[in-house]
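One structure is given here, and the rest of the page talks about it.
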Amino acid sequence: MLKVKKKGLFKIVLATGVAFSAWPSLSDKNPTAYASETSNVLMNENFDGIANGSVPEGWKLLQGNASVNDGKLVLSSPSSSSPARVIVPLSKKDGDFVFEADMTFQAAADDARWASIMYRIQSGNYPYYQFAVRRNTTALNGLEFAMRNEKNQWEVPESTFYPEKFAFNKTYRLKVVSSKNRVQQFINDKLVIDTDLATKWPSGDVGFQANGTTVQFDNVKVTSQTIALPPIENSNAFIPKEAETTIINPPTLISSSKTNTESEIASAVLPVHKNSDGTLMVNEISLKDKLAAIKNKLIPVIQLEEDGLEDETIRALNETQTIDVHIISSKDSILQTFKNKFPTARIGLIYRKKSFTKSDLEEYAKQIHQNNSKTAIIEQKNITPEVVHYLHSRTIAIWGIGTESSESAHELIHLGVDGIISSKPEYTSEALTEYPEKTIIQRPIVAAHRGVPSLSPENTMTSYRQAYDLGADLIETDVQKTKDGHLVIMHDYTVNRTTNGTGNVKDLTLDQIQQLDAGVKFGPEFQGEKVPTFKEYLQEFKDKEVVLLVELKAADIEQQVIDEIEEEGMADKVVIQSFNLDSVKNSKVIKPEIGTGYLYSSAVPATENAKLKKAQQMLLYGTSMNTSLNASYSSLYQEFITYMRQRGMLNMHWTYRNEEHLHQSLNAGIIGPITDYTQWLTKSPIMLETPVKKVKLEVGNTKTIDPKAKVSYRMDKKEKVPTTLYATGKEEIIQIEGNNITALAPGKVNVYVKHTFKMLGHDWNVVAEPIEVTISE
C-alpha cells in the first residue's frame with residue numbers, strides 16, 4: 001500500500017491539439033481476468049427439465065416458499081420476517097469457486113428489501129456469506145458483502161451501490177469469485193465489491209435467498225476457482241505516489257507521453273484507436289495490456305475520438321477489472337454514449353476552439369454539465385485566472401494542457417488549474433519544489449453560508465448583500481414551499497428560530513410569512529428584515545458576478561425552482577444541492593446544464609485501506625449520480641481530499657464555524673469551503689503579480705521589483721502589499737535586500753516575490769511567477 005503524502009504531486013503533458021504520443025509499458029504482465037481462469041464445473045443448472053412446483057434433486061428448501069416455475073427458480077418472501085431460502089449442496093467444498101446466476105426481481109415489499117446468493121454455507125443452514133442485492137441498488141447500501149454469523153445475526157462488513165436501480169422483470173447476472181479470504185462480487189461482469197474479509201468460513205455450500213421480495217434465478221453455475229485472487233492492497237482503491245511539493249492543493253499531473261519519471265505522475269492519457277485486425281490499441285500496445293500494465297500504479301485517462309469504440313473499451317475495462325477511470329474526448333456524443341453505458345466513468349470534455357470568449361465559456365460550462373462531466377480540459381493558451389474562477393465557482397475542475405518549458409510550467413501552476421497534462425512533466429516536477437511552506441497559488445473559492453450569519457441575520461437580503469460585498473464566490477441559500485405554493489427562503493422547517501413567528505413553513509401562506517420579522521432576533525438594528533422569496537433572491541444577483549448555491553429543503557420542488565431560475569435567465573449562475581438524492585437526480589433530469597451537489601455526512605474510517613475504499617466508493621457514487629460530493633467537514637480526511645483531487649472532482653464542504661477546522665481542511669487541500677464566516681477568507685489576497693517576467697542586469701546594477709496583489713475576482717483591483725524576494729539556485733550571483741536585486745556575477749537565476757499574510761490564525765504565503773534574472777558583465 002502506498003503511503004499518502006500530504007503534498008504529493010504527479011506530472012503529465014499533452015501536446016497542442018491533444019495529439020498524444022506513446023506511453024511506456026510499466027509491466028510485461030498481461031491483464032488477469034481472475035474470475036474467468038477457472039476449470040471443473042461443480043454444478044450447472046438451467047431448470048429446464050425440472051417439474052413446476054419442485055426443486056432440483058438434492059437441493060434443499062430450508063425456509064419459506066421456493067420452487068421451479070416455467071424453467072426458473074422462484075423464491076417468494078412476503079416480508080423480512082418470512083424469508084425464503086434454498087440450499088444447494090456442493091460435492092467439492094473447498095470454498096474456492098465461481099458462483100454465477102441470473103437474477104430477476106418480480107416484486108418487492110419496498111425498495112429496501114433484497115435477494116441474495118449465499119455461499120460457504122455451514123451445517124446446511126448458517127453461518128454463511130452472501131451477496132445481497134436490494135431492490136433499490138442505487139442506495140449506498142444497495143449491494144452488500146454480508147455474513148449471517150454463528151449467533152444467526154447479520155453482520156455487514158462492506159456495502160456499496162449500483163449505478164442503476166434494479167428494474168422489475170429485468171435480468172442481471174450475479175457472480176461471486178471466492179478464493180481463500182478473498183471475495184469479488186460482480187453484476188453483469190462489473191466488479192462491485194472486492195474484499196479480503198471472508199476469513200471465518202473457508203468452505204461450504206451455496207444457495208439463494210429472498211427477503212421481502214419475489215425473485216427468480218436461472219442459469220446457475222458453480223465452477224472451481226484455480227487462480228488465487230490478488231491481495232486486497234492491489235485492488236482499485238489506491239493513491240498514486242506524487243512528487244513532493246509545499247504548495248497547498250497542487251495540480252495533479254497527467255502524462256501524455258513516454259517519460260522516465262513514472263513515480264512522479266498520477267495519471268496516464270491513453271489515446272485509443274482500432275488497428276487493422278480490430279483490436280483496440282494505445283499506440284503499439286493493446287488497450288487491455290496497457291490497462292493491466294498501469295493498474296494500481298497510475299489512473300487511466302482514456303481518450304476516445306473515434307465513434308463506435310465505446311462497447312469494446314468497456315469490455316476491456318471489465319476484463320481488467322478497471323473501475324477507476326477517466327474518459328475524455330472533444331466529441332460530446334462519444335462522452336454521452338460512454339456515460340450511459342458505464343455510469344461510474346468520470347468524464348472530461350476537451351475544449352477545441354482556438355479562442356475563449358465569455359459566451360464560449362458560458363456554453364462550454366453548460367456542455368460540461370450536460371455531458372455529466374466534472375472536468376474541463378483546456379489548452380494553456382486559453383486559460384486565464386478568470387476562466388479558472390468561472391469554472392471552479394460552478395464546481396468544475398480544470399485540467400490544463402501545456403508546460404513544454406520551465407517557464408510555461410510555472411505559468412500553468414499559477415493559473416490555479418487542478419491538473420496538468422504534459423509531455424514533459426520534469427519541468428513541472430522541478431517547478432513544484434521551488435515554493436515556500438504553505439504556499440497557496442490562488443485563494444479557495446468561498447461559499448457564503450446563508451449569507452454571513454456571523455455578522456447579520458441568516459437568509460436575509462441584507463446578509464446576502466453583505467456576502468457579495470465581502471467578495472464571496474458563491475452565496476448559499478435554502479428553499480422551501482409555502483402552504484399556497486410559493487418558494488421562500490428558510491433553512492429550518494419552522495419559522496420559530498429565525499423570526500418572531502411560529503409554525504411550519506409548509507403550513508403558512510406567503511402573506512403570513514412576509515408579515516414576520518426575520519432580523520429582530522439577531523439584533524435590534526436588523527428589525528424589519530423580511531423572509532425573502534426565492535425570486536427576490538435570484539433578482540438581486542441576476543446582473544452580478546456571483547454564483548448562487550441553492551439548497552432544496554422541501555421535496556418535489558425541483559421543477560418549480562428550476563422554472564423560476566429559467567424565468568430570470570440564470571441557469572448559468574446557479575448550482576443546486578440537497579441532502580435528498582432524489583431531488584439532486586430530478587434536478588439533473590429537468591435541467592442537465594445546471595451543476596448539482598449531494599450533501600451528506602459520514603464517519604471517517606479507521607484504517608488507511610478503509611479510508612481509500614470509502615473515498616473510492618463515494619467518488620464512484622457521485623460520478624454515477626452526476627453530482628459533486630458536498631460532504632460535511634467532519635467527514636473529510638487526507639486520503640479523501642487527495643483521492644478527489646487526483647481524479648478531477650471538485651466538491652464543496654460544509655459548514656465551517658471554527659477557524660482551526662477550516663485551517664486544517666485548507667491545509668489538506670480543499671478548494672470549496674462553505675462557511676458562516678466569509679470574512680475569514682475573502683480579506684486574503686487572491687494572487688500576486690509582478691510587473692516583469694524577465695530582467696537583464698549588468699554586474700553592479702540594481703533592480704527594484706514593485707509587485708501588487710490582486711484582491712478581487714470581480715474587478716481589476718490590485719493593491720500594494722509588503723513582499724520579500726527569494727532565489728532558487730545560483731544565489732551567489734545576486735544580492736537581495738527587500739525588493740531590490742543587485743547583480744554580483746554573470747549568470748542566470750529565478751527570483752520569486754513572496755507575500756506572507758495571516759489567515760485563520762496562521763501564516764500563509766502567496767508567490768508570484770518567477771522572474772528570470774540574467775546578469776552580464
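No experiment lies behind these values; they were computed from the predicted model shown.
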- Exercise: do Asn219 and Asp102 side chains pair donor with acceptor under 3.5 Å: yes
- Note on the structure: Rounding to 0.5 Å, atoms OG1 (Thr596) and NZ (Lys585) come to a distance of 11.5 Å
- Side chain to side chain, Ser624 and Phe161, heavy atoms closer than 4.5 Å: yes
- Dump the intermediate steps for side-chain contact (heavy atoms from CB on, under 4.5 Å) on Lys506 and Lys483, then the final yes or no. CA-CA 5 Å; Lys506 65 183 179 64; Lys483 182 179 180 180; over 6 Å; no
- Stepwise salt bridge (Lys or Arg N to Asp or Glu O under 4.0 Å) check, Arg148 with Glu155: CA-CA 6 Å; Arg148 193 70 176 178; Glu155 296 179 31; over 6 Å; no
- Shortest non-hydrogen separation from Ile50 to Glu45 and the atoms involved: CG1-OE2, 4.0 Å
- Show the numbers, then the answer: is there a side-chain contact (heavy atoms from CB on, under 4.5 Å) between Lys591 and Gln370? CA-CA 8 Å; Lys591 194 71 174 175; Gln370 285 174 331; over 6 Å; no
- Donor-acceptor pair, Asn371 side chain versus Ser373 backbone, under 3.5 Å? no
- Task: Please identify each residue that fulfils ring-ring contact (aromatic ring centres under 6.0 Å, His included) with His326, with sequence neighbours left out.
- Result: Trp399
- Side-chain contact test, heavy atoms from C-beta onward, threshold under 4.5 Å: evaluate it for Tyr162 versus Val133 and give yes or no. no
- Message: Is the terminal nitrogen or CZ of Lys190 (NZ for Lys, CZ for Arg) located under 6.0 angstrom from the six-membered ring centre of Phe342 and within 45° of that ring's axis?
- Response: yes
- Looking only at atom types and distance, does a side-chain atom of Lys374 sit under 3.5 Å from a main-chain N or O of Thr395, one as donor and one as acceptor? yes
- Task: Could you tell me whether the side chains of Gln106 and Thr214 share a donor-acceptor contact shorter than 3.5 Å?
- Result: no
- Message: If you apply the rule side-chain contact (heavy atoms from CB on, under 4.5 Å), what do you find for Met103 with Val215, and how did you get there?
- Response: CA-CA 7 Å; Met103 190 192 82; Val215 63; 3.4 Å; yes
- Note on the structure: Closest non-hydrogen contact found for Val604 with Lys611 is CG1-CE, 4.0 Å
- Message: Less than 4.5 Å apart, side chain to side chain, heavy atoms only: is that true for Ile302 and Val325?
- Response: yes
- Glu100 side chain to Lys175 backbone, donor-acceptor under 3.5 Å: no
- Item | Sub-6.0 Å ring centroid separation between Trp201 and Tyr129 | yes
- Calculate, to the nearest 0.5 Å, the distance between atoms OG and NZ belonging to Ser583 and Lys553 respectively. 11.0 Å
- Message: Can you confirm whether the side chains of Thr171 and Thr104 place a donor and an acceptor under 3.5 Å from each other?
- Response: yes
- Would you say the side-chain atoms of Ser632 pair up with the backbone N or O of Ser601, donor to acceptor, closer than 3.5 Å? no
- Message: Walk me through whether Tyr126 and Gln153 qualify under side chain to side chain donor-acceptor pair (under 3.5 Å).
- Response: CA-CA 10 Å; Tyr126 68 87; Gln153 297 171 333; over 6 Å; no
- Partners of Tyr128 by ring-ring contact (aromatic ring centres under 6.0 Å, His included), sequence neighbours excluded? none
- Any donor and acceptor pair, going by atom type alone, linking the side chain of Tyr621 with main-chain N or O of Leu629 inside 3.5 Å? no
- How far apart are the closest heavy atoms of Asn630 and His653, and which atoms are they? C-ND1, 4.4 Å
- Note on the structure: Residues Pro605 and Tyr637: closest non-hydrogen pair is CD-CE2, 3.8 Å
- Query: Would you call Val550 and Phe534 a side-chain contact if the rule is heavy atoms closer than 4.5 Å?
  - Reply: yes
- Query: Per the side-chain hydrogen bond (donor to acceptor under 3.5 Å, both in side chains) rule, which among Gln184, Gln185, Gln225, Arg120 passes with Ser178?
  - Reply: Arg120
- Considering only heavy atoms from C-beta outward, does the side chain of Asp484 approach that of His486 to under 4.5 Å? yes
- Flag, side chain of Asp478 to backbone of Ile489, donor-acceptor distance under 3.5 Å: no
- CA sep, side-chain torsions, deciding dist, call: Glu639, Lys614, side-chain contact (heavy atoms from CB on, under 4.5 Å): CA-CA 10 Å; Glu639 291 89 343; Lys614 180 69 172 181; over 6 Å; no
- Item | salt_bridge(Lys613, Asp194) N-O dist < 4.0 Å | no
- Report yes or no: is the cationic atom of Arg647 (NZ for Lys, CZ for Arg) under 6.0 Å from the centre of the six-membered ring of Phe238, at an angle within 45° of the ring normal? yes
- Message: Between Val177 and Phe186, is there a side-chain heavy-atom distance shorter than 4.5 Å?
- Response: yes
- Message: Treating Thr195 as the side-chain partner and Phe145 as the backbone partner, does any N or O pair qualify as donor plus acceptor under 3.5 Å?
- Response: no
- Task: Please test Asp492 against Thr494 for side chain to side chain donor-acceptor pair (under 3.5 Å), starting from the C-alpha separation and ending with a verdict.
- Result: CA-CA 5 Å; Asp492 298 358; Thr494 74; 5.1 Å; no
- Item | Minimum heavy-atom distance between Trp154 and Gln209, given as atom pair plus value | CH2-NE2, 4.2 Å
- Message: So that I can tick it off, tell me whether Asp189 and Arg315 are bridged by a salt bridge, with the cut-off set at under 4.0 angstrom between side-chain N and carboxylate O.
- Response: no
- Is a donor on one side and an acceptor on the other found under 3.5 Å between the side chain of Thr337 and the backbone of Glu310? no
- Just by modelled atom types, is the Asn40 backbone N or O under 3.5 Å from a matching donor or acceptor in the Thr223 side chain? no
- Item | Geometric cation-pi criterion Arg135 and Trp114, 6.0 Å radius, 45° cone | no
- Query: Is any side-chain heavy atom of Thr313 closer than 4.5 Å to a side-chain heavy atom of Leu287?
  - Reply: yes
- Message: Contact between Val86 and Leu62 at the side-chain level, heavy atoms closer than 4.5 Å - yes or no?
- Response: no
- Query: How would you list, by chain and number, every residue that makes a ring-ring contact (aromatic ring centres under 6.0 Å, His included) with Phe131, sequence neighbours excluded?
  - Reply: none
- Query: Can you tell me if Ser578 uses its side chain to pair, donor with acceptor, with the backbone of Asn580 under 3.5 Å?
  - Reply: yes
- Assess the pair Tyr119 and Phe99: is the distance between their ring centroids shorter than 6.0 Å? no
- Mind checking the CD-CG spacing from Glu608 to Leu612? Nearest 0.5 Å is all I need. 5.5 Å
- Query: Got a second to check how far Glu558's CD is from Lys588's NZ, nearest 0.5 Å?
  - Reply: 14.0 Å
- Message: I need the single residue from Ile347, Ile314, Ile334 that forms a side chain to side chain contact (heavy atoms under 4.5 Å, CB included) with Ile327. Which is it?
- Response: Ile347
- When rounded to the nearest 0.5 angstrom, what is the spacing between NZ in Lys481 and CG in Asp556? 8.0 Å
- Does a side chain donor of either Arg173 or Asn188 reach within less than 3.5 Å of an acceptor in the other side chain? no
- Message: Is it true that Asp332 and Gln336 share a donor-acceptor pair across their side chains at a distance under 3.5 Å?
- Response: no
- Can you see which heavy atom on Thr320 is nearest to which on Ala292, and at what distance? CG2-N, 4.5 Å
- Rounded distance [0.5 Å steps], CE in Met649 versus OG1 in Thr375: 8.0 Å
